[in-house]
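Reading through the structure tokens given below for one structure.
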There are 4 protein chains.
Amino acid sequence: MAATLVSALSSRRKGGEDTSTPAKRARRKEARPGELLAAALTLFVEKGYAATRVEEVAQLAGVSKGTLFLYFANKEELFKAVVRENLAGHFPEWNAEFDVWSGNTSELLQYALREWWERVGSTPVAGITKLMMSEAANFPELASFYESEVMAPGRSLVQRILQRGVDRGEFRLIAPADMRHAVYAVLAPMLFLMSWKHSFGACAAPTEAIDPVRYLEQQARILLHGLCAPTATTSPAMRAASTA
Amino acid sequence: MAATLVSALSSRRKGGEDTSTPAKRARRKEARPGELLAAALTLFVEKGYAATRVEEVAQLAGVSKGTLFLYFANKEELFKAVVRENLAGHFPEWNAEFDVWSGNTSELLQYALREWWERVGSTPVAGITKLMMSEAANFPELASFYESEVMAPGRSLVQRILQRGVDRGEFRLIAPADMRHAVYAVLAPMLFLMSWKHSFGACAAPTEAIDPVRYLEQQARILLHGLCAPTATTSPAMRAASTA
Amino acid sequence: MAATLVSALSSRRKGGEDTSTPAKRARRKEARPGELLAAALTLFVEKGYAATRVEEVAQLAGVSKGTLFLYFANKEELFKAVVRENLAGHFPEWNAEFDVWSGNTSELLQYALREWWERVGSTPVAGITKLMMSEAANFPELASFYESEVMAPGRSLVQRILQRGVDRGEFRLIAPADMRHAVYAVLAPMLFLMSWKHSFGACAAPTEAIDPVRYLEQQARILLHGLCAPTATTSPAMRAASTA
Amino acid sequence: MAATLVSALSSRRKGGEDTSTPAKRARRKEARPGELLAAALTLFVEKGYAATRVEEVAQLAGVSKGTLFLYFANKEELFKAVVRENLAGHFPEWNAEFDVWSGNTSELLQYALREWWERVGSTPVAGITKLMMSEAANFPELASFYESEVMAPGRSLVQRILQRGVDRGEFRLIAPADMRHAVYAVLAPMLFLMSWKHSFGACAAPTEAIDPVRYLEQQARILLHGLCAPTATTSPAMRAASTA
DNA sequence: AATGAATGAGTATTCATTCAT
DNA sequence: GATGAATGAATACTCATTCAT
């Protein structure tokens, strides 16, 4: 499975230097948009939308300002392209991983959080989500796009995990009406972590900083408390909580 | 106590039309800062810090650009004043409420989350925090101001609540090393909710929308599971979780 | 003679607190323009025309901004008034001093330079001249005024001194065509000194600073060389110079 | 030597229309800084530093506001560039001329004053110095720049000339303590002339106007009196003066 | 007369976008 | 295609001046 993932992720890097070696010029031409998008990703994540200057993007991509506008009508289109490019569905592969999971669901959930941090949360891609949350109001259409292309599949994936737990009798029943919030109970710590890391996290005193791995572990533990089916006597409080 | 708060909050609206009718000019002068702060709050939340032009703020408040600078030295000070007026300035009263709480700590925590939603989360003020998370990287001075004037007091307030629970034997012991993350376990849902509401929340399909009140209740339940001292037999999983 | 001067100068300070003591209010009212002019003099000299804010002038005079505009139509008029006020002819008295001088003319010239430094060069009034030289281009009409009210009488005074020296056989003959420049040879060091003191002089390293008294003494010596009638053998070079 | 200078100066005008006709754009790009500097010189001199708007400079140079900032980081740098182009940058060549002078020092001094008038005093460049004297107090950074880039080299150049005269036995000894003021005795007439020409000189009656060339000649003669070593008997007065 | 709250014209600088080469 | 020189719209902040009180 790990192999699956790795290869899938590596495909993110556009084709590259290896293949059939056509004229250098032509190859570069073909690669331009990708190089620009990569540069834009880096800078948008690092400095935000408004603070990123297109000239910097062009420079980082090794072309002139004018060239950038040859490929992208304007800064806004560039931004949209960056977002679209970088959330090109990894969900099929993630869903596939989930499908072949044979262990119990608690472990699956913990594994999912851990892996998410490795593959997304700790990478620049996390910055895209933070960026989207920041700029959603200014780019409603992009936000919609993100909603349907990322958030919805994400919710769906989480929901399948939770349902698996319920179906296999590992988790308590989750009322259909509660499922939506249960899903967010899993997603929120991830979304929060991405926001945090790229905002206050950047200027928090070390004593107040969040350790993402420990934070996620703790959240997982707390969640599983509420989710796991009682194997024995349970306090009334716990029973109440588990209906969530 | 609720009364205390309500009256305190209501006093935010400057006295106004009642007394001895001073000179019109004078009355306006007294009202100006409040009007400007209200306008600034609206626009900062709606458009972000950088995208809000001071002239717009002045216009919305019904005065000229110059007048705004009569009351606030610059845009940054205006923003800080908005933060102080709506957030930072309220911690004394919130701390005071906490001090006089006589019930048990679980209820205090639930009450706190509920009240927070009423007084902050559901109001435009929530947009300020979302704004700060969005722009923190671009305005480090503001971020640092916010961190010390809002985040730190907020963490402190939460920590006092948790400590109260521990001290009274209602909550499990929380290892000093864990306290930091425990505090964030309480704050994260609030911070997340504010981010969400002003980003994807604005374009989420109703079926996928978060119901803040229910979401917070659920989070409270989940948290209390992990925090409450066991009154009876407890599953091993729970024991593990409770060390968080 | 000194007495003459002193009393004349002291009259610069408007009447003041001593006389018939009418209602305080009335007295202040009468004094307002003078107080404003004094404040304006100070600030114009210290900071220049453009950099002086009328509000500061008002403040320094102890009145409100609005009051200033009650007495002076605008900033420009205020400036003109300051200049006019402060060059209110001391020339009659200075001419009078000159008339009663009984010593030799070399000494008169040296005395004049020394006294000028004491009474004008080292006082804020010097700043007015520097100010006028700076702003002449922006206030041509004022420059004309200054030309006729200050520069012309000044030239005239110097010329009378030189002529006295010639008439008494103390100085060489000065051809009418040379007189004009001879006058400037005396005035230039004074004008230069005023410019210098309020420009580079304010930021010159101590090692490069001009010591006004020594500088003027030196200039006087140099001038008298060229002016004095030869009492004995003189080098050919000196003869040539003395025609200036 | 004059040839040297003339050619050096003529090179100020960028090569230009001659060679292989590069792309129009490129040719303009090369010419831009010079055009902008010329425009800036004109306007700074005419209106002063603060009163000159960068947009006007751009307009006069026939480009847009933005273009100016392509070549000069900001207004201050533009001004500094003007100073360097027209004054500071010429000291090497002026020093070089001095080095190759073979005649006697009296003539060198006279030549220097004459040439200074031709190349600087009578040109708009003189306005820069007048400008600096006017605005030094308001722009300490510029003043300090001017002091180190122009005044100091200027003093140094004059001092070298005086020292040359002393070393060759043409001038009397100048005590180290007197050197500073001796230098200013040479510079002052020049500085004064520049101030004058751009202030009262603009509105003085023709009969009272200074004829710069004659004025400088006269000053030279006066100075040399004081400086030249006695070739024969000398009056006591002269001896005194020569210590200056 | 005196106040001081209110006004709004004026300006350096940035940066997305264009287009001649 | 690619370049990079040129553009000009956009914005925070100041301060002389006005005028209702």
Side-chain angles (χ1 to χ4, degrees), chain A residues 25-26 28-29 32 50-59 62-78, chain B residues 22-32 50-59 62-78, chain C residues 25-26 28-30 32 50-59 62-78, chain D residues 22-32 50-58 62-78:
Chain A
R25 187 57 179 269
R28 292 215 63 191
K29 189 160 58 175
R32 286 266 191 279
T52 295
R53 282 178 303 147
V54 293
E55 188 161 23
E56 281 178 311
V57 174
Q59 244 176 31
V63 298
S64 76
K65 209 180 353 176
T67 302
L68 187 152
F69 283 97
L70 236 43
Y71 293 99
F72 303 95
N74 51 42
K75 193 183 181 180
E76 199 170 322
E77 286 304 321
L78 174 64
Chain B
K24 257 185 197 168
R25 274 284 184 95
R27 208 172 59 215
R28 301 231 47 196
K29 148 133 189 161
E30 210 172 291
R32 285 276 187 263
T52 295
R53 280 173 302 145
V54 291
E55 189 161 19
E56 279 179 313
V57 174
Q59 250 173 29
V63 299
S64 75
K65 206 183 350 179
T67 302
L68 186 152
F69 286 98
L70 236 44
Y71 295 97
F72 303 95
N74 49 43
K75 195 180 178 181
E76 194 175 322
E77 285 304 320
L78 174 63
Chain C
R25 186 58 177 271
R28 292 217 62 190
K29 187 160 55 174
E30 218 170 282
R32 285 270 191 275
T52 296
R53 281 178 304 148
V54 293
E55 187 161 24
E56 281 178 310
V57 174
Q59 244 176 32
V63 299
S64 75
K65 208 179 355 177
T67 304
L68 185 151
F69 284 95
L70 237 42
Y71 292 99
F72 304 94
N74 50 42
K75 193 183 180 180
E76 198 170 322
E77 287 303 322
L78 173 64
Chain D
K24 259 184 197 170
R25 274 282 184 96
R27 210 170 57 214
R28 300 225 53 190
K29 148 129 191 167
E30 212 171 288
R32 287 275 187 263
T52 295
R53 281 173 300 144
V54 292
E55 189 160 20
E56 279 179 313
V57 174
V63 298
S64 76
K65 209 182 347 179
T67 301
L68 188 152
F69 285 99
L70 234 44
Y71 296 96
F72 304 96
N74 50 44
K75 194 181 180 179
E76 194 175 322
E77 286 303 322
L78 174 63

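Reminder, nothing fancy here: chain letters follow the sequence lines and each chain counts from 1.
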Criterion side chain to side chain contact (heavy atoms under 4.5 Å, CB included) against D:R32, the qualifying member of D:L70, D:V63, D:L68: D:V63
Among the nucleotides [options], which one has an atom lying closest to any side-chain atom of [X]?
X	options	result
D:R32	F:dA6, E:dT11, E:dA5	F:dA6
D:R53	E:dT18, E:dA12, F:dT17	E:dA12
A:T67	F:dT3, F:dC15, E:dT13	F:dT3
A:F69	F:dT18, E:dA16, F:dT7	E:dA16
A:L70	E:dT3, F:dA9, F:dT3	F:dT3
D:N74	F:dA12, E:dT13, E:dA5	E:dT13

Any pair with a residue in residues 62-75 of chain B that passes salt bridge (Lys or Arg N to Asp or Glu O under 4.0 Å), sequence neighbours left out, goes on the list, sorted by first then second residue, please. none
By salt bridge (Lys or Arg N to Asp or Glu O under 4.0 Å) - contacts of A:E76 (at least two apart): A:K80
In whole Å, what is the span from the [atom1] atom of [X] to the [atom2] atom of [N]?
X	N	atom1	atom2	result
C:E55	E:dA5	CD	P	10 Å
D:E77	E:dT13	CD	C1'	14 Å
B:F72	E:dA5	CZ	P	14 Å
B:L78	F:dT11	CG	P	16 Å

Kindly write out the residues that satisfy side chain to side chain contact (heavy atoms under 4.5 Å, CB included) with [X], not counting sequence neighbours, or none if the list is empty.
X	answer
C:A51	C:K47, D:N138
A:A50	none
D:S64	D:T67

Output row for DNA chain E, stems defined as at least 3 consecutive Watson-Crick or G-U pairs under 3.5 Å, is E:2-21 with F:2-21
Name the nucleic acid region contacted by D:K75, choosing base, sugar-phosphate or nothing; use a 4.0 angstrom heavy-atom cut-off, strictly under. sugar-phosphate
May I ask you to verify if any side-chain N or O of D:Y71 is less than 4.0 angstrom from the OP1 or OP2 atom of F:dA6? yes
Take C:S64 and D:A50, find for each the nucleotide of DNA chain E with the closest heavy atom, and name the residue whose nucleotide sits nearer the 5' end. C:S64
Taking for each residue the nucleotide of DNA chain E with the nearest heavy atom, is it B:L68 or D:T52 whose nucleotide lies nearer the 5' end? B:L68
hbond_proxy A:K65 side chain to E:dT17 base (donor-acceptor, 3.5 Å cutoff): yes
Quick one: on DNA chain F, does A:G66 or B:A73 contact a more 5' nucleotide (nearest heavy atom)? A:G66
Starting from the 5' end of DNA chain F, give me the residue, B:A51 or C:E76, whose nearest nucleotide shows up first. B:A51
Kindly give the heavy-atom pair with the smallest separation between B:L78 and B:F72, and that separation in Å. CD1-CD1, 3.7 Å
